[in-house]
Amino acid sequence: MTKPFLAGVTAFVLSCATALAGGVFTGADGVGDPYYPKMGNTGYDVQSYDVKLKYRRSGKIRARTTIEAVADTDSGAPATGPSLGGFDLDFRGPEVTGLTVDGSESAFSRTGQELVVDPPSNIADGSVFEVEVRYKGRPKQVSNPDGSEDGWTKTGDGVVALGEPQETPSWIPVNDHPTDKAAWHFRFVTPREKIAISNGELISEEQTEKSTITEWEQSEPMASYLALAAIGEFRVDEGEVAGIPYLGVVDRRIDKFVVDEIKERTETAHEFLADVAGPYPFSATGAVIDPSALDFAMETQGRPYYPSPPPLQLVIHELAHQWFGDSVSVERWKDIWLNEGFATYMEWLYEEETGGESVAARFERVYDANGPSSSFWNPPPADPGGPQNLFDPAVYNRGAMALEVLREEIGDADFFEVLETWAQDNEYGNASTEDLYDLIEAVTGSPRPDSFDDWLYDPGKPSCSIC
Ligand code: TRP
Ligand code: ZN
């Protein structure tokens, strides 16, 4: 499920990183994302991941991930292009004990985050193939360019595995870029007193004498960075929100009333967000509250993660990402403001619509409170300057302010049409800031306002066209 992007950059990467001799193509070790050159791989499109993982009380795991993919040698002519002679997966996990391609043991090697696969025979372009990776040991966290650490993270009674943008390879071998979304199935075996929570629908739960076994199905497309595992001792609240299965999962050490509180907040957020952005894109919803060393909440698909009981504002933020981020995902990480600016805007809009401060008033207050030399204004949200600034507050706040500039320039009717059309037309796909410009032009019948560009791209405090 890949959408081609950055054609020029990809072509450049391919020409230097791949061999194309005798009709055999070797996939590149990155998809050409400028901020993360080694994220994702070329040569194939993943259709589905099947993750089977056993977690022991010692913290050790034994796992087997099966990936179904279609060979895609970028020749533009599936089935007649060169065959795929080798490819990479992204994996930062423990020891790989074996790897098969279409059932035959395959050679592999590891360099950095790349798991380099050298299959026993070439794979015909356009054909479906299956890779099975077996691994065991103790997964570790991943360090990010901004100094944060996430991924496989120990908790008091187990582990949480989540993060952004490159943490999933800490426990699953993946094609780690949001442009390659896939269907997912998980099966976890944990010690009997614990349970493993993941994305999508809980399709089976079973207890044996020693173990608890859960299976999860995420049938709508999901980008790898949105994968979730939370293993521990929880209160699990099964119900329904917005007409779909809801699962609220709260660490046992947290007050019981939080179980009802998080469900109410999730319900409130669903109602508000569906009004603004259209029908919720996934077939399950919920929340996981599990204290850990991670100090951020995360929009893990269908079931956001919170390190502590969240205020309604944060629930709105993480659920807003289900539309803006999870369903409509960035095409390259530089476009992160399309996630964080939109989710922040939804927080502000909720305030406005429930009798609190209007977004316009908030905009002016914040505009006046931060002088021209304030670091509040940098970096510009649509060009944050590198992966170390991916989650800079300016990406969130100035990104949301840029949307308010757009709203006041084009008027409420067109603005709200842009928001909903963005979520619906790009459902389960990828989009960029340029795609947003195109949509604004299609909805309003004129080019986007210049001031919107300034708010997205100009360093320093932008002048205020709407004050
Ligand atoms: N995407 C998260 C959000 O809802 C934020 C986030 C993920 C984050 N990883 C991070 C923030 C690392 C700071 C550091 O906004
Ligand atoms: Zn966010």
_Would N430 and S329 count as a side chain to side chain donor-acceptor pair (under 3.5 Å) here? Give the steps._
CA-CA 5 Å; N430 299 85; S329 304; 4.8 Å; no

*Given side chain to side chain contact (heavy atoms under 4.5 Å, CB included), test L338 with L436 step by step and report yes or no.*
CA-CA 9 Å; L338 294 170; L436 181 61; 4.1 Å; yes

*Given T208 and I213, is the side chain to side chain contact (heavy atoms under 4.5 Å, CB included) satisfied, shown in steps?*
CA-CA 8 Å; T208 64; I213 303 165; 4.1 Å; yes

_I'd like to know whether E434 forms a salt bridge (Lys or Arg N to Asp or Glu O under 4.0 Å) with R332, so could you lay out the CA-CA distance, the side-chain angles of the two residues, the decisive distance to 0.1 Å, and finally the verdict._
CA-CA 12 Å; E434 294 72 45; R332 52 190 180 214; 2.7 Å; yes

*asked:* Please determine whether ring-ring contact (aromatic ring centres under 6.0 Å, His included) holds for the pair Y396 and Y345, giving the CA-CA distance in whole Å, both sets of side-chain angles, and the decisive distance to 0.1 Å.
replied: CA-CA 8 Å; Y396 290 66; Y345 195 86; over 10 Å; no

*Yes or no on side chain to side chain contact (heavy atoms under 4.5 Å, CB included) for Q47 and V70, after CA distance, side-chain angles and deciding distance?*
CA-CA 7 Å; Q47 307 298 297; V70 176; 3.5 Å; yes

*Would you check, one step at a time, whether the test side chain to side chain contact (heavy atoms under 4.5 Å, CB included) holds for V249 with I289?*
CA-CA 6 Å; V249 178; I289 306 177; over 6 Å; no

_Test log, rule side chain to side chain donor-acceptor pair (under 3.5 Å), inputs E149 and S143_ = CA-CA 5 Å; E149 295 199 319; S143 306; 3.1 Å; yes

*Under the side chain to side chain donor-acceptor pair (under 3.5 Å) rule, what do D335 and T433 come out as? Steps first, then yes or no, please.*
CA-CA 6 Å; D335 283 321; T433 303; 2.8 Å; yes

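Between the side chain of W323 and the backbone N or O of P279, at least one donor-acceptor pair lies under 3.5 Å. When atom types are taken as modelled, the side chain of R56 and the backbone of I61 share no donor-acceptor pair closer than 3.5 angstrom. The backbone N or O of Q141 sits nowhere less than 3.5 Å from a side-chain atom of D150 that would complete a donor-acceptor pair. A donor-acceptor contact shorter than 3.5 Å links the side chain of T214 to the backbone of A196. Side-chain atoms of N397 never come within 3.5 Å of backbone atoms of A394 as a donor-acceptor pair (strictly under, hydrogens ignored). A distance-only check finds a donor-acceptor pair linking the side chain of K181 to the backbone of G429 [under 3.5 Å]. Under a 3.5 Å cut-off, the side chain of D251 and the backbone N or O of R253 do form a donor-acceptor pair. Looking only at distances, a side-chain donor or acceptor of E318 sits under 3.5 Å from a matching main-chain atom of E299. Listed for the E220 side chain is a donor-acceptor partner under 3.5 Å among the backbone atoms of S283. In this structure, T421 contributes its side chain and V418 its backbone to no donor-acceptor pair below 3.5 Å.
Between the side chains of H185 and D50, a donor-acceptor pair is found at a separation under 3.5 Å.
Scored by the salt bridge (Lys or Arg N to Asp or Glu O under 4.0 Å) test, K54 finds no partners at all (sequence neighbours excluded). Evaluation of the ring pair (Phe, Tyr, Trp, His ring centres under 6.0 Å) rule for Y35 yields no partner, not counting sequence neighbours. Scanning for ring pair (Phe, Tyr, Trp, His ring centres under 6.0 Å) contacts around Y49 gives W184, with sequence neighbours left out.
Applying the side-chain hydrogen bond (donor to acceptor under 3.5 Å, both in side chains) test to residues at least two apart or on different chains, the pairs with a partner in residues 160-170 are R92-Q166, N144-Q166. Pairs passing the ring pair (Phe, Tyr, Trp, His ring centres under 6.0 Å) check and including a residue from residues 227-252, sequence neighbours excluded, do not occur.
Contact check for T65 versus Y135: side-chain heavy atoms found under the 4.5 Å cut-off. A heavy-atom distance below 4.5 Å is found between the side chains of V241 and K263.
Between E233 and K194, at least one side-chain nitrogen of the basic residue sits less than 4.0 Å from a carboxylate oxygen of the acidic one, meeting the salt-bridge criterion. Under the 4.0 Å criterion applied to side-chain N and carboxylate O atoms, E193 and R252 are not assigned as salt-bridge partners.
Note: F186 and W171 have parallel aromatic rings, judged against thresholds of 30 and 60 degrees for the angle between ring planes. Using cut-offs of 30° and 60° for the angle between ring planes, the H177 and W333 rings count as perpendicular. Using bins of under 30°, 30° to 60° and over 60° for the plane-to-plane angle, the ring pair Y280/F282 lands in the perpendicular bin. Ring-plane geometry between F342 and W337 is classed as tilted, the angle between the planes lying from 30 to 60 degrees on a 0 to 90 degree scale.
In this structure, CG in L406 is found 8.0 Å from CG in L419, a value given to the nearest 0.5 Å. Annotation: the span from T66 atom OG1 to E132 atom CD amounts to 4.5 Å, rounded to 0.5 Å. Atom CD of Q322 sits about 10.0 Å away from atom CZ of R303, to the nearest 0.5 Å.
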Side-chain donor-acceptor pairs under 3.5 Å in residues 114-123, sequence neighbours left out?
none

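Aromatic pair F296/Y305: centroids not less than 6.0 angstrom apart.
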